[in-house]
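To keep things clear, I will list the structure first and then write my remarks on it.
Chain letters run A, B, ... following the sequence lines, proteins first and then strands; every chain starts at 1.
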2 protein chains.
Amino acid sequence: MMDPFQAHCEMEVTLAVISGKWKADIVRILSEGTPRRYGFFQKNLPEVTPKILTNQLRELENAGILTRAIYPEVPVRVEYQLTEAGTGLLPILEAMERWAQSYTKKFQ
Amino acid sequence: MMDPFQAHCEMEVTLAVISGKWKADIVRILSEGTPRRYGFFQKNLPEVTPKILTNQLRELENAGILTRAIYPEVPVRVEYQLTEAGTGLLPILEAMERWAQSYTKKFQ
DNA sequence: CTGAATCCAACGGGATACTG
DNA sequence: CAGTATCCCGTTGGATTCAG
């Protein structure tokens, strides 16, 4: 992850938090509000390998974007969901989606 | 630059366009609307080397975020300014700045 | 003044196999 | 089920020097 503390301006903190090949996908999956399990991400993002998936989830967790809840059942259950800070990113991601749509129209 | 055409969802196109160590700074500098010259970026971003500055400017130009105008005077003058697509990014960058402010308050 | 050329280091991401 | 452990590779960013 790009280091937020060497950001030259504040918006780069936000960029640092969301930059990562699968982070936007993960946040999008969690945007419904339903807690999701590790296997759910694997099914919905079949191209991401376990190591990378764990890496992206941990970085988002450390950044305070999502929580990781462990239920010590057998077999173990782990659930991820967005924090308040993570939910606050959703309007930005939606704005990015709208911008990309008009951008793609113009340039293709 | 991350390849926009391998994006898994549309917002990643936007992320691909703005991801780069100095791109947000460049767009922020151009956000006033005044055309700016190469040397202006060098003065205001003293840590970026010529190669990298050129690289970031070219990628933004190729993405259609800014224009590069060459005036064949002696010495040559080159001016950069935001396109309409580039201007459309400003509300998103401002939203990212606001999010980062409340985020930094919570986590520090 | 506005870059280009060369060489190099660091980091993020990935393939594959294995585990509590 | 939900990850770890190794090894590997491409891309990005950077230092330095040179040029139209």
Side-chain angles (χ1 to χ4, degrees), chain A residues 1-9 12 15-26 29-30 34-63 65-81, chain B residues 1-9 12 15-26 29-30 35-63 66-81:
Chain A
M1 179 166 58
M2 190 175 144
D3 185 358
F5 296 113
Q6 72 167 43
H8 328 108
C9 53
E12 281 169 5
L15 274 173
V17 163
I18 200 58
S19 287
K21 190 157 178 183
W22 305 95
K23 288 181 186 173
D25 301 90
I26 289 171
I29 285 174
L30 292 178
T34 312
R36 296 300 186 184
R37 303 175 63 172
Y38 191 86
F40 187 86
F41 295 107
Q42 285 191 309
K43 256 179 290 181
N44 286 272
L45 305 171
E47 290 176 291
V48 62
T49 61
K51 175 194 161 189
I52 303 301
L53 178 55
T54 300
N55 167 43
Q56 302 281 291
L57 287 168
R58 290 294 153 83
E59 289 191 354
L60 287 171
E61 184 193 2
N62 294 335
I65 304 305
L66 54 78
T67 56
R68 176 170 178 268
I70 308 167
Y71 301 92
E73 308 167 352
V74 180
V76 66
R77 178 166 55 102
V78 178
E79 287 185 349
Y80 297 89
Q81 64 183 315
Chain B
M1 179 166 59
M2 191 175 143
D3 185 0
F5 297 112
Q6 72 168 42
H8 328 109
C9 52
E12 282 168 3
L15 275 172
V17 163
I18 202 57
S19 287
K21 190 160 180 181
W22 306 95
K23 288 182 186 174
D25 301 89
I26 289 170
I29 285 175
L30 293 179
R36 295 299 186 186
R37 302 175 63 173
Y38 192 86
F40 187 86
F41 294 109
Q42 284 191 311
K43 256 180 290 183
N44 286 273
L45 305 172
E47 290 176 292
V48 62
T49 62
K51 176 194 160 188
I52 303 301
L53 177 55
T54 301
N55 167 43
Q56 302 280 291
L57 287 168
R58 291 293 151 84
E59 289 191 354
L60 288 171
E61 184 193 1
N62 294 336
L66 54 79
T67 55
R68 177 172 178 266
I70 309 167
Y71 301 93
E73 308 166 354
V74 180
V76 67
R77 178 167 55 101
V78 178
E79 288 186 348
Y80 297 88
Q81 63 184 316

Just how far, in rounded Å, is P of D:dC1 from CG of A:L53? 14 Å

Proximity to the side chain of B:P50 - top-ranked nucleotide from D:dA2, D:dT16, D:dT4: D:dT16

Taking only N and O in the side chain of A:R68, is any of them less than 4.0 Å away from OP1 or OP2 of D:dG3? yes

Show me the dot-bracket string of DNA chain C, counting Watson-Crick or G-U pairs under 3.5 Å, with | for pairs to another strand and [ ] for crossing ones. ||||||||||||||||||||

May I ask you to verify if any side-chain N or O of A:Y38 is less than 4.0 angstrom from the OP1 or OP2 atom of D:dT4? no

Here the distance between atom P of C:dA4 and atom CD1 of B:I52, to the nearest Å, is 12 Å

For B:Y71, report the nucleic acid contact type (base, sugar-phosphate, nothing); a contact means any heavy atom under 4.0 Å. nothing

From C-beta outward on B:Q42, which listed nucleotide comes closest to its side chain: D:dG13, C:dA15, C:dT2? C:dT2

For a quick check of understanding: with a heavy-atom distance under 4.0 Å over all strands, which category does A:Q56 fall into, base, sugar-phosphate or nothing? sugar-phosphate

Could you please name the option among C:dC1, C:dA15, D:dT16 that lies closest to any side-chain atom of A:K51? C:dA15

Does B:R58 put a side-chain nitrogen or oxygen below 4.0 Å from OP1 or OP2 of C:dG3? yes

How is A:F41 classified with respect to the nucleic acid when contacts are heavy atoms under 4.0 Å: base, sugar-phosphate, or nothing? nothing

For the pair A:H8 and B:W22, name the ring-plane relationship: parallel under 30°, tilted 30 to 60°, perpendicular over 60°. parallel

Taken to the nearest whole Å, CD1/A:I70 to P/C:dG20 is 17 Å

Check whether any side-chain nitrogen or oxygen of A:K21 sits under 4.0 Å from OP1 or OP2 of C:dG14, and answer yes or no. yes

Among C:dG14, C:dC1, D:dA2, the nucleotide that comes nearest once only the side chain of B:R37 is considered: C:dC1

Check whether more than 12 heavy atoms from other residues, nucleotides or ligands sit under 6.0 Å from atom CD of B:E47, and answer yes or no. no

